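In what follows, a single structure is set out as C-alpha cells and then discussed.
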Amino acid sequence: MGVMEESSMVTPGEILGMASEVKAGKGAYVSSHNNTVYASLTGLTRFIPPTPHSIDQRPTVEVTGHKAHGAVPQPGSVVIARVTKVMARMASADIMCVGPKSVREKFTGIIRQQDVRATEIDKVEMHSSFRPGDIVKAQVLSLGDARAYHLSTAKNELGVVSAESASGVTMVPISWTEMQCPLTGQTEPRKVAKVET
C-alpha cells in the first residue's frame, strides 16, 4: 500500500497508512493491534517529510479539520459523557466534553462490561454501575465500530461523577460503589469516580 495523496479528505477511522511507513501526527493515531495509522477526525491529510538529519525517515501524516470543530475524542483522552442506555453487557453514552472542551458534534461512546473497572471484571453488573442520565468521566480506549468510541471507567478517578436519584435530586457519593440521595437517604449502586480532594 503506497502513501496516500496529499490533502485527501478523510473521516475518523480511515486508514492513512502503515506505521512502518508513516508516523501519526495531529489528528491521527496508531492502532497497536495491527500497526496501522488511522484518522481520528474529519479533515484533509497532510504529509510532512522528515528532516534530512532525522534517524527516523518516515514522513508524518496529519489530519487538519476542514472546519472549526469542537473537541474530538482521541484514544487516551478523558471525556465527560451522559449515559443514554444501559444493557446487560454494555452502556452507551453521548460524549459531551473532551477534557475541558465541549464537543460540537454528536459522539457516541460505549462502555463495555470488561471496561467498567479494573478488578473482578466478571462480577460487574452494568445496571448497578450506571443508570441512564448519569454523568460519567471515562477514558477513550479506541475508536470502535459504527462511529462509537470505546470508553473505560476502570481507573479509580473514572466513573460516575453525577447522578440523580429517583426523586430527581443530585446524589452524593458515599463509597466506590454507592451514591446516596440527600433527600430520602436511599442509596443506589454505581461505579463511582474517586473525587479529587
Side-chain angles (χ1 to χ4, degrees), residues 11-15 19 24 26-42 63 69-164 170-171 173-179 188-197:
T11 54
E14 268 192 56
I15 294 175
K26 287 190 291 236
Y29 67 95
V30 178
S31 175
S32 52
H33 74 274
N34 60 2
N35 240 4
T36 304
V37 179
Y38 292 96
S40 63
L41 52 97
T42 303
V63 180
H69 276 287
V72 175
Q74 305 262 7
S77 49
V78 173
V79 298
I80 301 293
R82 179 182 278 116
V83 177
T84 52
K85 194 165 152 195
V86 180
M87 292 151 276
R89 298 197 161 275
M90 63 184 201
S92 52
D94 287 340
I95 296 171
M96 303 186 301
C97 297
V98 177
K101 295 189 192 143
S102 60
V103 296
R104 292 191 197 157
E105 296 175 64
K106 186 175 182 237
F107 295 108
T108 307
I110 290 170
I111 305 168
R112 295 169 299 181
Q113 189 177 14
Q114 66 264 37
D115 299 325
V116 172
R117 61 178 188 222
T119 55
E120 298 184 317
I121 293 165
D122 53 331
K123 293 185 184 161
V124 168
E125 292 266 337
M126 293 308 289
H127 290 281
S128 58
S129 300
F130 310 106
R131 299 272 167 91
D134 286 0
I135 306 298
V136 294
K137 188 176 182 183
Q139 189 168 28
V140 178
L141 292 176
S142 65
L143 180 62
D145 42 16
R147 296 290 171 112
Y149 289 83
H150 286 160
L151 305 178
S152 166
T153 56
K155 290 182 182 168
N156 290 349
E157 65 273 19
L158 304 175
V160 177
V161 289
S162 175
E164 275 189 8
T170 300
M171 295 195 291
I174 53 170
S175 76
W176 294 100
T177 54
E178 283 185 310
M179 289 184 127
E188 290 186 23
R190 289 292 195 282
K191 194 299 181 181
V192 180
K194 182 183 181 186
V195 182
E196 286 147 23
T197 46

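This is a predicted model, so every value here is computed, not measured.
- Under the 4.5 Å side-chain criterion, counting only non-hydrogen atoms from C-beta, Phe107 is not in contact with Val79.
- Across Gly99 and Cys97, no two heavy atoms sit closer than the pair O-CB, 3.7 Å.
- Considering only heavy atoms from C-beta on, Ser162 comes within 4.5 Å of Thr170 through its side chain.
- Taking CD of Gln113 as the reference point, atom CE of Met90 lies at 11.5 Å (rounded to 0.5 Å).
- Two residues are said to be in side-chain contact when any heavy atoms from C-beta on lie closer than 4.5 Å; Met96 and Ile135 meet this criterion.
- Annotation for Ala19 and Val30: closest pair CB-CG1, 4.0 Å, computed over non-hydrogen atoms.
- Proximity of a side-chain donor or acceptor of Lys191 to a complementary backbone N or O of Thr153 within less than 3.5 Å is detected.
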Name every donor-acceptor pair, under 3.5 Å, that has one atom in a side chain of residues 80-87 and the other anywhere in the protein, sequence neighbours excluded.
unit_1: Thr84; atom_1: OG1; unit_2: Ser92; atom_2: O; d: 3.1
unit_1: Thr84; atom_1: OG1; unit_2: Ser92; atom_2: OG; d: 3.3

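- The existence of a salt bridge linking Arg112 and Asp115 is confirmed by a sub-4.0 Å separation between a basic side-chain nitrogen and an acidic carboxylate oxygen.
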Start with the C-alpha gap between Ile95 and Leu151, add the side-chain angles, then the distance that decides, and say whether side-chain contact (heavy atoms from CB on, under 4.5 Å) holds. CA-CA 10 Å; Ile95 296 171; Leu151 305 178; 4.3 Å; yes

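- Put simply, CD1 on Ile111 and CZ on Arg117 are 13.5 Å apart, with the number rounded to the nearest 0.5 Å.
- Contact detail for Ser152 and Leu158: the closest heavy-atom pair is O-CD1, 3.5 Å.
- Taking CD1 of Ile110 as the start and CG of Leu141 as the end, the distance is 11.5 Å to the nearest 0.5 Å.
- Side-chain contact check for Gln74 and Ser77: no donor-acceptor pair (N or O, by modelled atom type) lies under 3.5 Å.
- Across every non-hydrogen atom of Val103 and Val98, the tightest pair is CG1-CG2, 3.7 Å.
- Across Tyr149 and Ser40, no two heavy atoms sit closer than the pair OH-O, 4.1 Å.
- Taking both residues in full, the closest heavy atoms of Glu164 and Arg190 are given as O-NH2, 4.0 Å, listed atom of the first, atom of the second, then distance.
- In terms of modelled atom types and a separation under 3.5 Å, the side chain of Glu14 and the main chain of Thr11 share a donor-acceptor contact.
- The distance from atom CG of Asp94 to atom OG1 of Thr108, rounded to the nearest 0.5 Å, is 5.5 Å.
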With a cut-off of 3.5 Å and sequence neighbours excluded, list every side-chain donor-acceptor pair involving residues 122-130.
unit_1: Lys123; atom_1: NZ; unit_2: Glu120; atom_2: OE2; d: 3.4
unit_1: Ser128; atom_1: OG; unit_2: Glu125; atom_2: O; d: 3.2
unit_1: Ser129; atom_1: OG; unit_2: Glu125; atom_2: O; d: 2.9

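- Remark: of the listed residues His150, Glu157, Lys155, Lys155 is the sole one forming a side-chain hydrogen bond (donor to acceptor under 3.5 Å, both in side chains) with Gln139.
- The distance from the CE atom of Met179 to the CZ atom of Arg131 is 11.5 Å, given to the nearest 0.5 Å.
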